[in-house]
Amino acid sequence: MMASRDEVFARLRGILVESFQLDAARVTGAAHLREDLDLDSIDAIELAVRLEEETGLRLADEELRGVRRVDDVVELVHAKLAGQAARV
(Lines give C-alpha, C1' and ligand atoms only; values in the text may rest on other atoms or scores of the structure.)
Protein backbone atom coordinates (compact mmCIF):
# COMPACT_ATOMS: atom_id res chain seq x y z
CA MET A 1 0.00 0.00 0.00
CA MET A 2 1.30 3.43 -0.92
CA ALA A 3 2.00 5.89 1.86
CA SER A 4 -0.08 9.07 1.96
CA ARG A 5 1.57 12.48 2.04
CA ASP A 6 0.74 12.66 5.76
CA GLU A 7 2.42 9.30 6.38
CA VAL A 8 5.50 10.39 4.42
CA PHE A 9 5.61 13.63 6.43
CA ALA A 10 5.29 11.73 9.72
CA ARG A 11 8.15 9.38 8.79
CA LEU A 12 10.30 12.30 7.62
CA ARG A 13 9.60 14.23 10.82
CA GLY A 14 10.62 11.17 12.84
CA ILE A 15 13.89 10.87 10.93
CA LEU A 16 14.68 14.57 11.37
CA VAL A 17 13.89 14.53 15.09
CA GLU A 18 15.83 11.30 15.73
CA SER A 19 18.83 11.91 13.47
CA PHE A 20 19.38 15.62 14.09
CA GLN A 21 17.90 16.06 17.60
CA LEU A 22 15.36 18.58 16.32
CA ASP A 23 12.29 19.69 18.23
CA ALA A 24 9.33 18.10 16.41
CA ALA A 25 7.45 21.42 16.63
CA ARG A 26 10.11 23.03 14.39
CA VAL A 27 9.62 20.39 11.68
CA THR A 28 6.74 21.80 9.64
CA GLY A 29 6.02 21.50 5.95
CA ALA A 30 7.10 25.08 5.36
CA ALA A 31 10.37 24.75 7.31
CA HIS A 32 13.49 25.32 5.21
CA LEU A 33 16.03 22.57 5.76
CA ARG A 34 19.01 24.93 5.91
CA GLU A 35 17.62 28.20 7.28
CA ASP A 36 15.02 26.89 9.74
CA LEU A 37 16.38 23.48 10.71
CA ASP A 38 20.10 24.29 10.43
CA LEU A 39 20.91 21.27 8.26
CA ASP A 40 24.15 21.56 6.32
CA SER A 41 25.25 19.64 3.23
CA ILE A 42 26.58 16.72 5.30
CA ASP A 43 23.25 16.53 7.14
CA ALA A 44 21.45 16.55 3.77
CA ILE A 45 23.47 13.53 2.64
CA GLU A 46 22.69 11.72 5.88
CA LEU A 47 18.99 12.56 5.46
CA ALA A 48 18.99 11.21 1.89
CA VAL A 49 20.64 7.97 3.03
CA ARG A 50 18.12 7.53 5.86
CA LEU A 51 15.22 8.17 3.46
CA GLU A 52 16.60 5.61 1.03
CA GLU A 53 16.93 3.08 3.86
CA GLU A 54 13.40 3.77 5.13
CA THR A 55 11.67 3.72 1.74
CA GLY A 56 13.83 1.50 -0.44
CA LEU A 57 13.92 4.33 -2.99
CA ARG A 58 16.96 5.62 -4.84
CA LEU A 59 17.09 9.43 -4.62
CA ALA A 60 19.19 10.92 -7.40
CA ASP A 61 21.46 13.90 -6.73
CA GLU A 62 19.64 15.99 -9.33
CA GLU A 63 16.30 15.32 -7.59
CA LEU A 64 17.74 16.35 -4.24
CA ARG A 65 19.27 19.60 -5.53
CA GLY A 66 15.83 21.21 -5.82
CA VAL A 67 14.81 20.31 -2.28
CA ARG A 68 14.67 23.31 0.04
CA ARG A 69 11.74 22.78 2.41
CA VAL A 70 10.36 19.82 4.34
CA ASP A 71 7.35 19.80 1.96
CA ASP A 72 9.74 19.46 -1.00
CA VAL A 73 11.16 16.27 0.53
CA VAL A 74 7.66 14.94 1.25
CA GLU A 75 6.55 15.65 -2.31
CA LEU A 76 9.65 14.01 -3.81
CA VAL A 77 9.32 10.85 -1.72
CA HIS A 78 5.54 10.66 -2.16
CA ALA A 79 5.80 11.04 -5.95
CA LYS A 80 8.54 8.39 -6.16
CA LEU A 81 6.51 5.99 -4.02
CA ALA A 82 3.47 6.62 -6.25
CA GLY A 83 5.59 5.89 -9.33
CA GLN A 84 6.93 2.74 -7.72
CA ALA A 85 3.39 1.56 -6.85
CA ALA A 86 2.25 2.22 -10.42
CA ARG A 87 4.94 -0.12 -11.73
CA VAL A 88 3.95 -3.01 -9.45
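- For Glu75, the side chain to side chain donor-acceptor pair (under 3.5 Å) partners at least two apart in sequence or on another chain are Arg5.
- Taking every heavy atom of both residues into account, Val17 and Ala24 meet most closely at CG2-CA, 3.6 Å.
- Counting heavy atoms from C-beta outward, Leu12 and Val77 have side chains that stay 4.5 Å or more apart.
- Panel note: side chain Lys80, backbone Thr55; no donor-acceptor pair is recorded below 3.5 Å.
- Put simply, CG on Asp40 and CD on Glu46 are 9.5 Å apart, with the number rounded to the nearest 0.5 Å.
- Salt bridge Asp72/Arg69: present, at least one basic N to carboxylate O contact under 4.0 Å.
- Annotation: side chain of Arg26 is in contact with side chain of Asp38 (closest heavy-atom distance under 4.5 Å).
- Between Leu39 and Phe20, the shortest heavy-atom contact is CD2-CG, 3.8 Å.
- With a 4.5 Å cut-off on side-chain heavy atoms, Val73 and Leu76 do not count as touching.
- Of all the heavy atoms in Phe9 and Val27, the pair that sits closest is CZ-O, 3.3 Å.
- Pairing each heavy atom of Val70 with each of Thr28, the nearest pair is CB-O, 3.1 Å.
- Taking every heavy atom of both residues into account, Leu51 and Ile15 meet most closely at CD2-CD1, 3.9 Å.
- A donor-acceptor pair is defined here as one N or O able to donate and one able to accept, closer than 3.5 Å; no such pair exists between the side chain of Arg58 and the backbone of Glu52.
- Between the Asp36 side chain and the Leu33 main chain, no donor and acceptor come within less than 3.5 Å of each other.
- Salt bridge absent: Arg68 and Glu35 never bring a charged side-chain N and a carboxylate O closer than 4.0 Å.
- Shown here for Ser19 and Arg50, the closest heavy-atom pair between the two residues is OG-NH1, 2.6 Å.
- For the side chain to side chain contact (heavy atoms under 4.5 Å, CB included) with Leu59, the qualifying choice from Leu64, Leu47, Val49 is Leu64, the only one to do so.
- By the 4.0 Å N-to-carboxylate-O rule, Arg11 lies too far from Asp6 to be salt-bridged with it.
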